[in-house]
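Please read these numbers as outputs of a predicted model, since none were measured by experiment.
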Amino acid sequence: LGKIDNLSTESGDPSHLWISKEEMSKACPNVTLSDYQLIGVNWMNLLNGMRCNVGQKDTNVNGVLADEMGLGKTVQTIA
């Protein structure tokens with residue numbers, strides 16, 4: 001298995017900073033996310049910035065956004 005690089009908000013990389021409701025309302029003015037949806041958006045943002053070393057290959061980290069039906073996975077993905 002691969003070793004995941006140690007990443008944190010202290011890294012200075014802006015892609016790993018928390019996206020606030022205010023920032024979301026500027027980016028998507030016609031969309032209002034619930035708190036749990038905003039957590040999902042931030043989780044996807046964190047994964048997007050992570051890298052994983054598998055053998056000699058450096059690749060992005062992937063994830064799955066899953067929950068009960070009707071809780072807004074589509075809008076979280078679009079946001």
Side-chain angles (χ1 to χ4, degrees):
L1 296 178
K3 176 185 144 270
I4 296 177
D5 294 334
N6 184 17
L7 299 173
S8 69
T9 57
E10 290 83 30
S11 68
D13 186 345
S15 66
H16 298 105
L17 299 178
W18 183 262
I19 299 171
S20 67
K21 279 194 174 187
E22 292 76 25
E23 291 172 302
M24 280 304 305
S25 66
K26 290 177 188 174
C28 302
N30 297 325
V31 175
T32 303
L33 297 180
S34 300
D35 290 339
Y36 67 89
Q37 291 173 319
L38 186 61
I39 291 169
V41 167
N42 277 286
W43 181 73
M44 289 189 295
N45 184 48
L46 175 68
L47 290 181
N48 182 55
M50 294 178 79
R51 305 290 292 172
C52 181
N53 296 314
V54 180
Q56 299 295 323
K57 186 176 179 183
D58 186 39
T59 186
N60 289 352
V61 174
N62 296 306
V64 175
L65 183 62
D67 58 24
E68 299 294 325
M69 287 182 61
L71 294 180
K73 290 177 291 300
T74 301
V75 74
Q76 290 176 67
T77 303
I78 293 169

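Closest approach of Val41 and Met24 over heavy atoms only: CG1-SD, 4.2 Å.
Interatomic distance, CG of Leu33 versus OG of Ser25, reported as 10.0 Å (0.5 Å rounding). Interatomic distance, Leu46 CG to Ile19 CD1, rounded to the nearest 0.5 Å: 10.5 Å.
Lys21 has its side chain within reach of Asp35: a pair of non-hydrogen atoms, C-beta onward, lies under 4.5 Å apart.
Annotation: side chain to side chain contact (heavy atoms under 4.5 Å, CB included) contacts of Leu47 (sequence neighbours excluded): Trp43, Met50, Val61.
The backbone N or O of Gln37 sits nowhere less than 3.5 Å from a side-chain atom of Ser34 that would complete a donor-acceptor pair.
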